[in-house]
**Q** 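Pasting a structure below so you can have a look.
All chains are named by letter (A, B, ...) in the order of the sequence lines, taking the proteins before the strands, and each is independently numbered beginning at 1. All values derive from a computational prediction rather than experimental measurement.
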2 protein chains.
Amino acid sequence: LKKLFTSSFRLGILGGGQLGKMLTLAAAPWDIHVSCLDSSSDAPASTVCHSFVLGDLKNYDDVLKFGEALDIITIESDHANVEALKELKARGKIVHPDPEQLKIVQDKGSQRQFYADKNFPSPRFELFENKEAIQIAVKKSVWSFPFVVKTRSAGYDGKGVFMMDAMEDIEALPEASFVAEEKVKIVKELSVVAARNGKGEVVCYQTVELFPYPDAHLVDYLICPADLSEKITKEASDLGRKLIEAFQIQGLLAVELFLDENQKLWINECSPRPHNSGHHTIEGAWTSQYEQHLRGICNLPLGSPKMKMPSAMLNLLGEANASGPVRYEGLVDCLAMEGVKVHIYGKKETKAYRKMGHMTILGDDVNRLKEMIHEIKTKVKVTI
Amino acid sequence: LKKLFTSSFRLGILGGGQLGKMLTLAAAPWDIHVSCLDSSSDAPASTVCHSFVLGDLKNYDDVLKFGEALDIITIESDHANVEALKELKARGKIVHPDPEQLKIVQDKGSQRQFYADKNFPSPRFELFENKEAIQIAVKKSVWSFPFVVKTRSAGYDGKGVFMMDAMEDIEALPEASFVAEEKVKIVKELSVVAARNGKGEVVCYQTVELFPYPDAHLVDYLICPADLSEKITKEASDLGRKLIEAFQIQGLLAVELFLDENQKLWINECSPRPHNSGHHTIEGAWTSQYEQHLRGICNLPLGSPKMKMPSAMLNLLGEANASGPVRYEGLVDCLAMEGVKVHIYGKKETKAYRKMGHMTILGDDVNRLKEMIHEIKTKVKVTI
């Protein structure tokens, strides 16, 4: 990394969505020139990156060609082509997360297997070739309702996650291979963002509490810090630390956790990249998750993950029944509220529950942050 | 400003230096597409702005042509062509600062006249057509050594400022028109960054103390908050508030002040734009000066200027005897220090005292910040 801070250091990001945009903005103060690969010519990162390449991050040739001109390659989407990343690594490029680790994460079945092998608290699971195999397992009483079924690959933002409460739910599943999981009786949803560099240094951000959107498997808003006992807080960050060490990941690993009614933590899933549950660190932490990811992948000393103050983050999701060119209502009203920071990603089309932007809310009092979230929700509308 | 938050709102910045770069980065979260005009094709903002136009911000035609395609035009340099800005305003473009106000600021003589007319505390001054006229005034004892002479236009970063201690200092002045000023016995150099929107709302950032570089009229580092009595602190922000109101400026006004040995404040000079003395607000304040400038010029509610914590800012200046392609030493060591944020502007060539980057240092204790500044100065070198 001798080229760092020379104006000729080239970082490539597979994906040009909001995470790519914010990572690009974090790279700018270090004079890192960013290239993004995305299949949409008006992807959010396209307006701020140094060079934008149109292409499919799942396509071997597109990824290989994209990476060849770069010094270091990372991802903003878990679905990048692993084989192309392996080839780039073989050709001497720096690639983080490591393609082998990414491959495990891409498959929700292998993820569960990894947790089981390493003794992480993870619900009982079983892999199925197709939905018929699940039906047989239920008939044999190997699995009984309720339980959760996930497609092994290509899921995100709740897509590919299905609740099984009766035989007809299995019937309604698409054609895919699945992982079935025991349903955790969730009391709280949490997230820990961990970071690690090549020297093995690890830091974890304060655990946040995620509040899901009522009708979708999506985060509505988060509060940092989560309202937890000291013991659970420590257990959660210990899990984050141990998991990033188990994976030997360089860069970020966001770990989503469930807390059950017995105060036990379970790993839901993880992503080796900047994450929706870390947006608030831009304004709230001494080091943003985006700068931290850069520090990790460039093998620099990690930055302090300390929070400057309590923070909340509200996702601005497209209205359920609106699809088309986006229009935002109420943003100026929100800018008048002390401590509200507006992030609009620049996606031109909205659709149901699409992540179109977010707001960070800074404040000294967590209860006040929650009130502000509810106030903002009465003002803001992402519609057409 | 109906186009704000629509992906089609176009902001133009006259100048593509570090201030333009950081203003561009602040516009990105609001999906504002930024165009920059600069005469250097590798200007710092060129790597992050949406469109970059090569041209001279002092040239009437270049500025007019640049502005025609935009919704709102602002500056990052005080030397933009005022006549072109007037014409753009006449054609219905939103231009901030107002060209008439910018014209006053551009001429250090008119600036002094403005302060005198409005009863701001400003040293006694006199305008001179040339250096011969100054010689005559000294011979007539209208002016006596020591005093300060500034070229009326085109000065920045201490350029165009001369100390008059003897007749030969006058002799050595260049051919120009000047303003002579009484020399203030400076105990502290301070800066207040004020912001105002079109509704007349005004906020001021906490007063900072500027520590000049020993051999140049340049800021070495700053500490926020300044070490001042409550009374002086209030007087300083009152001056900032009154001055931005007197100018009726929309956007930012950075006001540099001197505190003399009698604890009296004097206005040194001002700039109606983001300013070197506000860099620390990116990480240190609830609202950065760059976002605040956008709020001001777009006539949005102003953001909170509160500080999250004490902060310091160290300019990374080119070494006095190094000129050529830049090389930075010691940056990685600094990244290992808690609370140090590195900003490299991306200028390819360094020269004596050129502003190549800066560091912001966050911390809870002002004395610790000063120690860290001195520690960083032993590590970092901007050289060739």
**Q** Mark yes or no for whether B:Ser311, through its side chain, and B:Leu362, through its backbone, hold a donor-acceptor pair below 3.5 Å.
**A** no
**Q** Heavy-atom pairs under 4.5 Å with chain A - which of B:Leu25, B:Val342, B:Val48 has more of them than the others?
**A** B:Val342
**Q** Given heavy-atom pairs under 4.5 angstrom as the criterion, report whether the side chain, backbone, both or neither of B:Ser51 touches chain A.
**A** neither
**Q** If we define contacts as heavy-atom pairs under 4.5 Å, which of B:Met337, B:Lys347, B:Met309 has the most with chain A?
**A** B:Met309
**Q** Relative to chain A, which of B:Ile344, B:Thr24, B:Leu302 shows the most heavy atom pairs under 4.5 Å?
**A** B:Ile344
**Q** Could you go through the side-chain hydrogen bond (donor to acceptor under 3.5 Å, both in side chains) check for B:Tyr290 and B:His279 one step at a time?
**A** CA-CA 9 Å; B:Tyr290 299 98; B:His279 288 342; 2.9 Å; yes
**Q** Could you tell me which portion of B:Glu291 (side chain, backbone, both or neither) has an atom closer than 4.5 angstrom to a non-hydrogen atom of chain A?
**A** side chain
**Q** Whether B:Lys306 and A:Glu338 form a salt bridge (side-chain N of Lys/Arg under 4.0 Å from carboxylate O of Asp/Glu) is what I want to check.
**A** yes
**Q** For B:Leu300, is it the side chain, the backbone, both or neither that has a heavy atom under 4.5 Å from a heavy atom of chain A?
**A** side chain
**Q** So what's closer than 4.5 Å to chain A heavy atoms on B:Val340: side chain, backbone, both or neither?
**A** backbone
**Q** Are B:Asn197 and B:Arg295 packed together at the side-chain level, in the sense that at least one heavy-atom pair is separated by less than 4.5 angstrom?
**A** no
**Q** Going by the angle between their ring planes, with limits at 30° and 60°, are A:Tyr345 and A:His358 parallel, tilted or perpendicular?
**A** tilted
**Q** Please look at B:Ser7 and chain A and tell me whether the side chain, the backbone, both or neither of the residue comes under 4.5 angstrom of a heavy atom of that chain.
**A** side chain
**Q** Heavy-atom distances under 4.5 Å only: say whether B:Tyr328 touches chain A with side chain, backbone, both or neither.
**A** side chain
**Q** Could you check whether any side-chain heavy atom of A:Arg273 comes within less than 4.5 Å of a side-chain heavy atom of A:Leu252, counting everything from C-beta outward?
**A** no
**Q** Checking A:Thr287 against chain B: side chain, backbone, both or neither under 4.5 Å from a heavy atom?
**A** both
**Q** Show your working on side-chain hydrogen bond (donor to acceptor under 3.5 Å, both in side chains) between B:Glu319 and B:Thr383 and close with a plain yes or no.
**A** CA-CA 6 Å; B:Glu319 283 204 312; B:Thr383 186; 3.2 Å; yes
**Q** Judged by atom type as modelled, is there a donor-acceptor pair below 3.5 Å linking the side chain of A:Asp38 to the main-chain atoms of A:Ser40?
**A** yes
**Q** Under a 4.5 Å heavy-atom cut-off, does chain B meet the side chain of A:His343, its backbone, both or neither?
**A** both
**Q** In terms of heavy-atom proximity below 4.5 Å to chain A, should B:Lys308 be classed as side chain, backbone, both, or neither?
**A** both
**Q** Is any side-chain N of the basic residue among B:Asp71 and B:Arg10 closer than 4.0 Å to the acidic one's carboxylate O?
**A** no
**Q** Are any of the side-chain nitrogens in B:Glu329 or B:Arg327 under 4.0 Å away from the carboxylate oxygens of its partner?
**A** yes
**Q** Between A:Val34 and chain B, with a heavy-atom cut-off of 4.5 Å, which part of the residue counts as in contact: side chain, backbone, both or neither?
**A** neither
**Q** Does any backbone or side-chain atom of B:His50 lie under 4.5 Å from a heavy atom of chain A? Answer side chain, backbone, both or neither.
**A** both
**Q** Pick from B:Met22, B:Glu283, B:Gln18: which one has the most heavy-atom pairs with chain A under 4.5 Å?
**A** B:Glu283
